[in-house]
Structures are given as C-alpha cells and as structure tokens.
Amino acid sequence: MEREPPWRASESNGEKTGGERSASARMEDGFSSYSSLYDTSSLLQFCNDDSASAASSMEVTDRIASLEQRVQMQEDEIQLLKSALADVVRRLNISEEQQAMLSRKGPTKARPMIAALPLRPTVNNGNVLPKKSGTLPSPSGSKKDINSPATKSVSSLSSSSKFLLRSPYSTVKRTSSSEQVGPTSRKDSGGDAKSNRTRTGSTGSNSSGKRASESKQREPVFSADEGYVKMYLKGRPITMYMPKELVDTYCLEAKADLPAKKLKLDWVYGYRGRDCRSNLYLLPTGETVYFIASVVVLYNVDEQLQRHYTGHTDDIKCLAVHPDKITIATGQVAGTSSDGKQLAPHVRVWDSVSLNTLHVLGTGFFDRALVCLSFSKSNGGSWLCVVDDSNDHVLSVWDWQKEERLAEVKCSNESVFATDFHPTDANIIVTCGKSHLYFWSLEKGSLVKKQGLFEKQEKPKFVLCVTFSENGDAITGDSSGNILVWGKGSNRISLAIQGAHESSVFALCMLRNGTLVSGGKDRKLISWDGNYQRIQTVEVPELYGPIRTVAEGKGETVLIGTTKNYVLQGSLDGDFTPITQGHTDELWGLAVHPLKHQFLTCGHDKLVCLWDSDAHQPVWTKTLEDAAQSAGFHPSGATVAIGTQTGRWLVLDTETKDLVTVHTDGNEQLSVMRFAPDGNFLAIGSHDNYIYIYAVAENGKKYSRVGKCSGHSSFITHLDWSVDSQYLVSNSGDYEILYWIPSVCKQVVSVETTRDIPWASFTCTLGFHVFGLWPDGSDGTDINAVCRSSEKRLLATGDDFGKVHLFSFPCSQSRAPSHVYGGHSSHVTNVNFLLDDSHLVSTGGKDMSVMQWRVV
C-alpha cells in the first residue's frame, strides 16, 4: 500500500492549500503574486539548512505544503494565460469573418475579387497563410510534422501556447463559405521543395518510407445545384466545378472502368554503378545483365533487345551469376508498401532464360538490405553466401535450392564490400571491406574466421575487391592503390604490387586466359600477366568517370561499369563505347518532343539528355551550371526550355543543343516550364508562388517578359494551357486550383467562365477530370505527375510509392480503378506519353532511372 504523501496529510489535517481556494480568488491574485511565484530563496535556504533532520519532519511538511501552494498558483497563472490566448483566437476568428463579409461586398485593390473566387476557400480553409514559401507550410518535404491550422493562424504566438489547440476556440473557421469544415491537418516542411523528400531508411532510394494514411478519408460530395464535386485531401476540401453539360447526368456513385489498354515495360535507361559493385556480367545468351532501381536488365547489345526481371519490389543492391551461367541471385533493400506495410529485404534466385523466380531466401532474417552475395564454384554452385547491411553485417551461407541456412556469423561492424567462395574449396569464403580482410572456413555448421595479416605491408583503410587466380590464390585491391596476392589457404601476403593504381582499386577481374584486369578510381584499366607483370594500361575518358566494375565480354572485349552510371564495351587496347548510360542524381525533368519519337530528361546532376525512343540511345547530352528541375518543348520542336533549381532558366536549340537564351526569375526552383499550344507564350511555375509569363517569338528563339501571375499561397506544382492558348490553370502545394488570363497576368474568378474551358493537356493533379486518380487516404502529395494521352482516352500517373498507374480518361469518379506497374524503386517524379501515344515514359527520382513503357 502506498504511503500518503505528507502534503496530502497536511491537507487532511485541516490545512487549507491553494487547491481549495475559489477559482475567482485565485485568478484575481494570480497576476499580483506573479513575482513571488518564482521566489526560490526559501527552497535554497531549506536545501542548505543542516538542521533539517528527522526531528524536524513537521517543518519539512510545512515547507512542502508551501511549495505545493506555489505550484498551484503557477497553474492558476497558466490557466489565466490559456483563457487570454483563447480569447485572442476567438477575436481573430470574428475579425476574419468580418473581413470575409466585407470582401464579398466589394473587391480590394490589392487582390481583385480573390475572396469571391469559389475555389479559393476550398483550399485555404480559413487559414491565414503567409505569402512566401520560405515560411509557408508546404504539404510535402519531410512528410513528418503535422500541424493544425490553428497553429498557422496564431503563428505569432509562442510555442509554449500550443496547449491552445485543445481549447474550444481553436478550430479556425473558413472565411468565405457558409459551409462548416472541421480542423484539417497539414504537412509542414518550412517550405522545402518537394524534391527534398527522402526515404526514412538508410539503404535504398525508395520514397515509400512514407506511411499510408491510417484514418479513413472523407467521401467526396456532389452538389447538383452548383455543379461541383468536393473532394477531401487530408480533411482539406477541394471544390472542382464540372462542365455544364455534365451536371444533369453526372452520378458520383457510378463506377469507372479500367482502361482498355495496358503498359508493357519496353526499355530501361540507366545503370546503378554509382554506389554498387560487381553488378555487371555477360551471359552465354549474349545478354549483358545489370540492374537499376528494382529491375534487372538483360540487354542484348547486338540485337538491341532488352528483357527485364521485375520480381523485386525495391532497390536491388547486389547480383551474382551461378556457375551454370543461367541461374542468377539478386538482393534487395527493405521497403514499405503503399499501404504502409514493411517489406523485408530478401534474396531472389531466378532463371535468366524463363525469368521465373525459383527461390526467395531470408525473408525475416536479413536486416536493412543485402550488400553482396556469391555462389559457390566447386560443389556445383549449390551454396550461396550473403552479407546483409545490419550493424553486424551478418555473413550467412545458404543451400539455396532447399532454402536452408547452413551457417551465419557476425562479419564486421564496418562496411563490407565483397564476398566470394574459393574456386576449388566451397568451405572457404573471403570477405573484405572497411579495414578488414577475413578468410572464413565452414566447419560443422559454423564459420571460423582468420584475419588477413598485412605484416610489413601498411594496412589499407579499405579492402575494396577480391578475386581468385587459377591456382587458388586470393587477390585483393585496396584504397591505397595496391594489389595484394594471398597464398592459397593462407592469410599472409605472398606478393604485393605496390601502387598498381594511383588511387583506389575498385575492380578486379580474372579473364579466362589467365590475364588479371584491374580498374580504379584513376579511370585506368590495367592488364597483368600470370606473374603479375603489367601488360597494358588504358585510360577511360573522364566523361565516363572512375571504373566501378569490370567483367569479361565476348572474345577479347571487356565490359566496364563506371561510377557515373555508364556501361562501356571495349578492349584492353582502349576504344570504349557506351552501351547504356543514365543520370547520376535525382531526376525530375521530362519533356516529350512534339513532332519526333524523342524525349528529354534533366536532373539534379545538371545533365540534360535528349533521347531517341526508337534507337534507345541519347541524341545528345549537355551539362549545365545548375541542377535542372523541369523542361518543356516549344510546339515547333525547334527549342526546349529548361528550368533549374536556382530560378535561372535557359532555352536550348533542339538540333544543335546550343544555348539560345538565359533568363532568371526569382531565386527558387522552377517546377514547371509549359509553352502555350500556339507557341506564343511560355508559363513558368516557381517555388516562390508566382507564375512568370513570357511572350515568345521566332519559333521559340525570342522571349520578352509579360509579367507574373500572383495569387497562390504556396509553390506552383502543375500548369496546363487551354486549347486556344487564352487561359491557364495552376495547382499549388497547398492544393489550390486557380485560373488565369496569362496575356494580362490576371486571375479569372468566374466559375461560369472556367468550368467549360477545353484544356490542351491534363498535367494538373487536381481538377474535376482527374480527381478519381487519388487513392483512399492520400495526403495530397502522393501523386507527383499526371499525363493524358493525345487521343484523350488514357491517363497515366506517377506516385510516391514507385508505381506507374494507367487510368481511363476522363477520371472523374471517386477512386477510379487502374492498372498498376512496378519497376521504379523511388517516387516516380514524371510521366509523359510520346507524341503518338505509342509509349509512355516515366522517371524515377532517387533511383535515377528512365523507363519506357509500350502501350498495348
């Protein structure tokens, strides 16, 4: 039984404490006693009083009671503050409502008739929103902090008054609508760009670290009188007016159909060499095998054909080919599905001829990701060794056909870069990584470690790669540029090639004829004979970057994967040609040529690339000074405009890639570059909340600024032009839909004017014709890109869970069904149909891949 505290005893003994005084009395003397509240002298005196002993316990009780009284006074003080602040919020609400009433009666000079625009209240929801995105809570970014609108309305109040949100006055009412809406929630990232979104995990690039919404979202509402549908994103209402001709026949409950067409993955552009190794091999079929995102590509260069293994659900990080040259093992990172479920890291063993999955290993055993794996060589390849990315980097050996784990051991708490079985003894495994080289022997179900002894040789910081000679010697390459040979069965160095490379040795490959090939950070490819004497040195051009991995090709050729994500084919004499290439940083910009089977991509790596979608090769590439964010072709196809992250934008000649002009608008990223269908205007959507309008002449060669459209409270996300180039519709980060006459930079507030405008494109994610694409529980930022096909029957979207969706168009029934396609392992940042709708192109953000889908 708990003892009664002494101050409770004093209360029961009839001592009257502050808790028993009337609330009004407390409030009256609350402020007057303010200075005495924090008087700690008596407490200090008590702490320093040596006479305070068991004998004076009564005095202790009195003092505690006194302290209790003061605490109570402080609580009274806080209660007073609460009341005062609640009153402030109530007065603010009344003031806002009065202002709304006044603004209904007549427009103000600063922003003509903005409050009268029916779409505005649906997105602002009564919140007092700051003008600039520097302080604007954008609904994207880190995707973690969630604040109530009341926080925005009283943002000037100190953070200590957050308890206000519980007061009955804290629900901010909408300012210009009679319809009452409950408090909404809103993501807050301090105005960060959406592209700053990153995964919560440490290993992959998938943005699916996002949690799916846990609460059921409100159902859309159809108003037959007004002719609008109101949908809710995270509780926030968005009103979308439909064309007049549809009002009488529209039924919200009607079910939409799946599209008649489907997508088939046709081509994958890019390769992951930047941060992965030993992931490039030639198969006997003549196919080169490598991976990017969650797709393994089997590319027959001679026949210009690709096949794809798409069994993975997230970033692939490692690959191994069985001695039979048919069976392949690949390992992926942990991920999150679109409904918030964790997807475990695992290894998939599959057949490279049929592309069928044979076995899945280690679900629930591996942690975070798989970093390297290798098949045994001497026992028919029946074992597979795997190292995961847990803190201990656990090494495990599997009988993959039985899906049984034979042994496991903590390998190292430092990074592990490579693992391999000995070619003639399946019981010996070598691992290497940061400051270690270990020789493991499998004995009676356990792995026993012998450390590689560097002795007189200076120990390198990283042992980066390992291979074996024909006689069974292990050969390592390290960060000091040395190649070391370790005698068979020994953990001692038998031969050292000092300074084989000028810096790190990233790759070692033993060719069939006994020649050793090494590749390094110095971009040099060096061949060595059986006695480790240098035969030849060639240098890979700087454009392609350092050599990450080397594999034996057909005949005398070698395949090279580089850290700049090129796959090169060439010989030991030099003369390298890229067989695939890609971006090296986050990818957002995508534009389709209006007259040819070409498309352009640009990204944060400052690279702009024009691709031929038939030849699957780049037409040209160009490096910019700034990270690129967006792109758009002039309708003539003669020029293309590129928006950067710095507010600068430039126009390139499509044929020659020459610079036509450079302009700067603001200093924030430009998310959209959209030419009018008649080619006479360019609209630029910026993160500074403005849309900049330029008049265009001479086939996209000459630009003069018309002005800027001001009215959004958050950054611009999407823009579309009307068919006649007279109107513009825009979406913003706080889910606003606004309409404009761009030639005079004026906002259009009349619903009757805007509802029947035919639009040349549908890239806006919010609008009556597309609202059915939003899934249940969406937070308003899950869909990054939308594109309607030219023949107006299909709508494609790219989402934050690495998926491309294909809907029927128009998509104006709630939660319309779609065909769903995986392949990307990161948020899909953009989608676009080619000019004749034969293909769809999608870009992955962090996975840096470009995927071309055939419409079938």
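Only this structure's heavy atoms are used, side chains among them; waters, hydrogens and symmetry mates stay out. Along the sequence shown, the residues carry numbers beginning at 1. The model shown is predicted, which means the values in this text are computed figures rather than measured ones.
In terms of heavy atoms, F633 sits closest to P594 at CB-CD, 3.7 Å. Of all non-hydrogen atoms in S294 and H824, the two that sit nearest each other are OG-O, 3.8 Å. In terms of heavy-atom proximity, N832 sits nearest to A591 at ND2-CA, 4.3 Å. Nearest heavy atoms, N830 versus L590: ND2-N, 3.7 Å. Across P220 and L252, no two heavy atoms sit closer than the pair O-CD2, 3.3 Å. Residues H712 and S730 share a closest heavy-atom pair of NE2-OG, 2.6 Å.
With sequence neighbours excluded, the residues forming a side-chain hydrogen bond (donor to acceptor under 3.5 Å, both in side chains) with W853 are S842, listed by chain and number. Every side-chain hydrogen bond (donor to acceptor under 3.5 Å, both in side chains) that H308 has, sequence neighbours left out, goes to Q306. Residues satisfying the side-chain hydrogen bond (donor to acceptor under 3.5 Å, both in side chains) criterion with Q852, sequence neighbours excluded, are D266, Y269. In this structure, the ring pair (Phe, Tyr, Trp, His ring centres under 6.0 Å) partners of W649, at least two apart in sequence or on a different chain, are H663, Y694, Y703. Remark: H839 pairs with no residue by the ring pair (Phe, Tyr, Trp, His ring centres under 6.0 Å) rule, at least two apart or across chains. Residues passing the salt bridge (charged side-chain N to carboxylate O under 4.0 Å, His left out) test with K244, sequence neighbours excluded: E752. Scanning for side-chain contact (heavy atoms from CB on, under 4.5 Å) contacts around N731 gives T717, H718, I737, C764, T765, L766, with sequence neighbours left out. Taking F681 as the reference, nothing meets the ring pair (Phe, Tyr, Trp, His ring centres under 6.0 Å) condition, with sequence neighbours excluded. Remark: F771 engages no residue in a ring pair (Phe, Tyr, Trp, His ring centres under 6.0 Å) (not counting sequence neighbours). Legend: residues meeting side-chain hydrogen bond (donor to acceptor under 3.5 Å, both in side chains) with S818, ordered by chain and number and at least two apart, are H805. Checked against salt bridge (charged side-chain N to carboxylate O under 4.0 Å, His left out), K803 has no partners two or more places apart in sequence or in another chain.
In this structure, the side chains of T601 and T843 come closer than 4.5 Å at one or more pairs of heavy atoms. In this structure, L773 and L795 have side chains that are in contact, with non-hydrogen atoms separated by less than 4.5 Å. Taking 4.5 Å as the limit, every side-chain heavy atom of H827 sits out of range of all side-chain heavy atoms of D799. By the 4.5 Å heavy-atom criterion applied to side chains, S713 and E736 are counted as neighbours. T797 is not listed as a side-chain neighbour of V831, based on a closest heavy-atom distance of 4.5 Å or more. Two residues are said to be in side-chain contact when any heavy atoms from C-beta on lie closer than 4.5 Å; Y727 and V748 meet this criterion. Contact of the W611 side chain with the W267 side chain is not registered, since no non-hydrogen atoms from C-beta on lie closer than 4.5 Å. M240 is not listed as a side-chain neighbour of Y228, based on a closest heavy-atom distance of 4.5 Å or more.
Ring planes of H634 and F675: perpendicular class, angle over 60° (limits at 30 and 60°).
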Can you list, pair by pair, the side-chain donor-acceptor contacts under 3.5 Å of residues 255-263, counting residues two or more places apart and other chains?
none

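Distance check, rounded to the nearest 0.5 Å: CH2 of W721 to CH2 of W759 gives 10.0 Å. Here the straight-line distance linking atom NZ of K746 with atom OG of S710 works out to 10.5 Å at 0.5 Å rounding.
R705 places no side-chain N or O within donor-acceptor distance of the main-chain N or O of A695, the cut-off being under 3.5 Å. T754 places a side-chain N or O within 3.5 Å of a backbone atom of V751 that can act as its donor or acceptor partner. Under a 3.5 Å cut-off, the side chain of Q747 and the backbone N or O of W740 do not form any donor-acceptor pair. At distances below 3.5 Å, at least one donor-acceptor pair connects side-chain atoms of S722 with backbone N or O atoms of Q726. With hydrogens and angles ignored, the 3.5 Å screen pairs no side-chain donor or acceptor of D720 with any backbone N or O of V729. Remark: side-chain polar atoms of D779 are not paired, donor with acceptor, to backbone N or O of K234 under 3.5 angstrom.
Ring-centre distance between Y250 and F222: below the 6.0 Å cut-off.
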### Task
Let me see the working for D225 and S223 under side-chain hydrogen bond (donor to acceptor under 3.5 Å, both in side chains), right down to the final yes or no.
CA-CA 5 Å; D225 297 338; S223 166; 5.3 Å; no
### Query
What's the verdict on side-chain hydrogen bond (donor to acceptor under 3.5 Å, both in side chains) for S761 and R674, showing C-alpha distance, side-chain angles and the deciding distance?
CA-CA 10 Å; S761 59; R674 186 86 63 224; 4.6 Å; no
### Task
Might you work through the side-chain hydrogen bond (donor to acceptor under 3.5 Å, both in side chains) test for S630 and S671, ending with a clear yes or no?
CA-CA 6 Å; S630 54; S671 302; over 6 Å; no
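Judged by a 6.0 Å distance limit and a 45° cone about the ring axis, R793 is not positioned over the six-membered ring of F809. In this structure, R218 is positioned above the aromatic face of Y232, its NZ or CZ under 6.0 Å from the six-membered ring centre and within 45° of the axis.
Using a 4.0 Å cut-off between charged nitrogen and carboxylate oxygen, R815 and E219 count as a salt-bridge pair.
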